[in-house]
Amino acid sequence: MNLIKLNAIDSTNTYLKGLVSKVELEDYTVVMAETQTNGRGQMGTKWMTEPGQNLTFSVFKKINCLKNDEQFYLSIAVSLAIYDALTFLNIPDLSIKWPNDILSWNSKVCGILIENIFKNGHMNAAVIGIGLNLNQSDFEGMINASSLKKITGVYYNKVEVLQKIVDRIKFYESWVVERKFEDLKSGYENLLFRRDKPSTFKHKDGSLMMGFIKGISDQGLLKVLLEDEILEHFDLKELRLLY
Ligand code: BTN
């Protein structure tokens with residue numbers, strides 16, 4: 001692993017994408033920052049964490065074996081990698097909230113933002129951005145967020161945890177390359193937050209609906225069984241699972 005440690009940067013994803021466009025990068029080049037001034041989250045949100053307390057890093061990975069409609073398998077691989085690393089650290093009651101939030105006791109401890117790089121219309125590489133709340137003790141105004149330290153009382157070493165996550169990404173990368181898609185999908189579905197439980201969703205038009213999460217499609221859409229027994233597929237722009 002080629003680790004670039006930065007004190008402050010706007011966003012490790014943005015920085016790494018800029019680097020990719022200028023120089024040839026080794027696989028598993030990792031950029032980590034103590035502080036991000038413009039950390040980015042899913043769907044244009046901001047990722048805000050206390051400076052120095054948490055892991056905010058991005059991993060460069062060449063990957064050209066996935067068709068454009070198979071990209072979600074990388075997201076699954078990364079979610080499973082983080083799940084394994086946190087299991088190794090004895091973090092309790094872990095689950096994956098679709099598409100790729102990692103929860104412990106229903107609180108979000110980790111978010112993932114994967115930005116794919118395309119060449120001639122095909123996925124060629126990815127910048128895998130990970131924000132893992134490690135040692136932050138205060139999450140004022142963020143009712144669903146927590147950190148590993150808040151949950152276990154243990155203080156975590158950033159680079160040790162990062163190394164464990166990268167090791168597990170390497171492990172699941174081999175599943176992606178070997179096209180073990182069914183294994184990836186079932187591993188992910190087994191860990192899905194609120195699977196088969198009655199859940200409330202907010203639709204993009206603001207309306208609330210009730211349904212049961214049944215799993216994901218081959219493209220990573222969420223399969224929800226609605227009240228009228230109809231199984232529908234949704235993408236991230238269409239609905240949000242409320243806690
Ligand atoms: C989310 O849950 O919305 C995804 C959050 C991803 C945050 C990480 S922190 C490191 C990397 N750099 C960014 O700007 N975002 C990702």
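When a ligand or atom number is given, it counts from 1 through the structure's own listing order.
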Can you name the atoms of ligand 1, numbered from 1 with element, that are less than 4.0 Å from a heavy atom of [X]?
X: Gly39; result: 14 (O)
X: Asp101; result: 2 (O)
X: Thr12; result: 10 (C), 11 (C), 12 (N)
X: Gly41; result: 1 (C), 3 (O), 4 (C), 5 (C)

- Is the shortest N/O to N/O distance between Asn38 and ligand 1 below 3.5 Å? no
- Looking only at distances, please establish whether an N/O atom of ligand 1 is found under 3.5 Å from an N/O atom of Arg40. yes
- Message: Please determine whether salt bridge (charged side-chain N to carboxylate O under 4.0 Å, His left out) holds for the pair Asp235 and Lys237, giving the CA-CA distance in whole Å, both sets of side-chain angles, and the decisive distance to 0.1 Å.
- Response: CA-CA 6 Å; Asp235 80 16; Lys237 289 179 231 69; 3.7 Å; yes
- Query: Relative to ligand 1, is Thr14 under 4.0 angstrom through side chain, backbone, both or neither, heavy atoms considered?
  - Reply: neither
- Item | Contact partition for Ile112 relative to ligand 1, non-hydrogen atoms under 4.0 Å | backbone
- Task: Report yes or no: is the cationic atom of Lys150 (NZ for Lys, CZ for Arg) under 6.0 Å from the centre of the six-membered ring of Phe139, at an angle within 45° of the ring normal?
- Result: no
- Query: Does NZ or CZ of Arg168 fall inside the cone over Phe171's six-membered ring, less than 6.0 Å from its centre and within 45° of the axis?
  - Reply: yes
- For Asp27, enumerate each residue passing the salt bridge (Lys or Arg N to Asp or Glu O under 4.0 Å) test, keeping only those at least two apart in sequence or located in another chain. Lys61
- Short side-chain donor-acceptor distance under 3.5 Å, Gln36 and Thr49: no
- Could you list who else is in Leu19's hydrophobic cluster, with ILVMFWY side chains joined at under 4.5 Å, directly or through other members? Ile4, Leu6, Ile9, Tyr15, Leu16, Val20, Val23, Leu25, Val31, Phe60, Ile117, Val127
- For ligand 1, is there an atom lying under 4.0 Å from some heavy atom of Lys108? yes
- Which residue supplies the protein heavy atom nearest to atom 12 (N) of ligand 1, what is that atom called, and how far is it? Gln36 OE1, 2.9 Å
